[in-house]
Amino acid sequence: MVEFTPVASAIGGILIGLAAGLLYLFNGKISGVSGILGSATIDPSPWRAAFLGGLVFGGIVLNLMWPTTMGAPLQRSYAAMIIAGVAVGFGTQLGGGCTSGHGVCGISRGAGRSVAATLTFMAVGMLVVLLVRTVAGGSL
Amino acid sequence: MKKTLLSFGAGLLFAAGLGVGGMTHPGKVVAFLDIFGNWDPSLAFVMAAAIATYATIVRIATRRRAPVYGGSFPARNGGRIDARLLLGASVFGLGWGVAGLCPGPAIVSVATGDPKILVFGVSMLAGVWIFRVRSR
């Protein structure tokens with residue numbers, strides 16, 4: 001049972017916006033994680049490696065100091081996680097962005113493409129969750 | 001060097017934001033997407049706050065001719081809303097809806113060592129690679 005956490009979520013959002021903003025203001029780079037990840041596979045420039053490294057290191061620190069920030073994965077089979085992972089990896093590349101790239105950076109910069117992409121992946125996500133709950137009984 | 005350190009710091013801060021905001025809780029992500037069921041709108045607050053903050057900083061940045069550490073700002077992407085975009089977003093949405101994980105949180109959560117998250121992470125890299133190999 002998850003609870004509504006408007007304050008923590010807003011603070012989290014501010015931190016995300018700040019992180020992305022600093023990367024933009026100082027380095028002129030867009031902090032779309034899928035974009036950085038995808039580009040790093042063909043051009044592993046220092047700033048990309050550093051950003052991704054920061055995410056990994058941040059995860060290590062969170063896990064050690066504030067483990068309650070890391071939630072347990074859902075009731076999903078390994079097969080479901082593999083398919084979902086490939087879909088996220090491939091889809092974000094094909095669509096040119098993810099929740100950070102399109103949802104935060106793109107929308108903030110007024111990109112119609114990003115609005116369309118965000119509405120799409122949210123709508124599909126909502127449909128999938130509905131189907132998993134009603135057809136599959138909540139676990140996959 | 002400055003640019004690299006800043007990028008690392010940004011990644012760190014980004015991870016903190018994801019953690020504090022709840023994005024590293026797949027259950028919370030799915031609850032946000034469970035709009036017809038037990039809906040938890042918290043993640044809308046994450047996104048709204050992020051957009052408000054980022055848009056403000058971008059506005060400040062736009063008054064400059066160049067980023068603080070040099071280089072140039074990216075061009076505005078005035079691309080079309082085409083089938084690739086919508087298909088890609090749909091496939092991403094499918095994966096996100098199933099696992100409750102998107103790229104950022106997935107990378108951050110790898111630290112837990114949870115086997116299912118690791119499997120997701122490796123699969124995500126595979127998906128990225130498949131695309132990159134295909135489009136060469």
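In what follows, chains carry the letters A, B, and so on, assigned in the order in which the sequence lines appear, proteins first and then strands, with residues in each chain numbered from 1.
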Residue from B:A55, B:A61, B:P26 scoring the most non-hydrogen pairs under 4.5 Å with chain A is B:P26
So, the part of A:I14 with a heavy atom under 4.5 Å from chain B: the answer is both
Looking at A:Y78, does the NZ or CZ of B:K116 lie under 6.0 angstrom from its six-membered ring centre and within 45 degrees of the ring axis?
yes
d(B:H25 NE2, A:L74 CG) to nearest 0.5 Å is 11.5 Å
Between A:L23 and B:S7 the two heavy atoms that sit nearest each other are CD1-OG, 3.6 Å
Output, in order, the C-alpha distance, side-chain angles, deciding distance and verdict of side-chain contact (heavy atoms from CB on, under 4.5 Å) for B:M47 and A:M122. CA-CA 12 Å; B:M47 193 160 275; A:M122 290 215 168; 3.8 Å; yes
When rounded to the nearest 0.5 Å, the distance separating NZ of B:K2 from CG of A:N27 is 10.0 Å
Cut-off 4.5 Å, heavy atoms of chain A, and the answer for B:L125 is side chain
Chain B shares the most heavy-atom pairs under 4.5 Å, among A:L130, A:L22, A:I60, A:T99, with A:T99
- Task: Using the side-chain contact (heavy atoms from CB on, under 4.5 Å) rule, take A:V88 and B:F120 through it: C-alpha gap first, then chi angles, then the decisive distance, then the call.
- Result: CA-CA 9 Å; A:V88 167; B:F120 179 90; 3.8 Å; yes
Do B:P74 and A:R109 come close enough that some side-chain heavy atom pair is under 4.5 Å?
yes
Bottom line for B:V30: the part with an atom under 4.5 Å from chain A's heavy atoms is both
Turns out that what part of B:D114 lies under 4.5 Å from chain A's heavy atoms comes down to side chain
Residue pairs meeting ring pair (Phe, Tyr, Trp, His ring centres under 6.0 Å), one or both in residues 85-122 of chain A, sequence neighbours left out, come to A:F90-B:F131, A:F121-B:F92, A:F121-B:W96
Side-chain heavy-atom pair B:L33, A:V128 within 4.5 angstrom cut-off | no
- State, yes or no, whether a side-chain contact exists between A:V56 and B:V108 at a heavy-atom distance under 4.5 Å. no
If one checks every heavy atom of A:A72 against chain B at 4.5 Å, the contacting part turns out to be backbone
> Cut-off 3.5 Å, side chains only: do A:T5 and B:S42 have a donor facing an acceptor?
Replying inline: yes
Under 4.5 Å to a heavy atom of chain A? For B:P115 that would be both
When the 4.5 angstrom heavy-atom criterion is applied to B:S72 and chain A, the contacting part is backbone
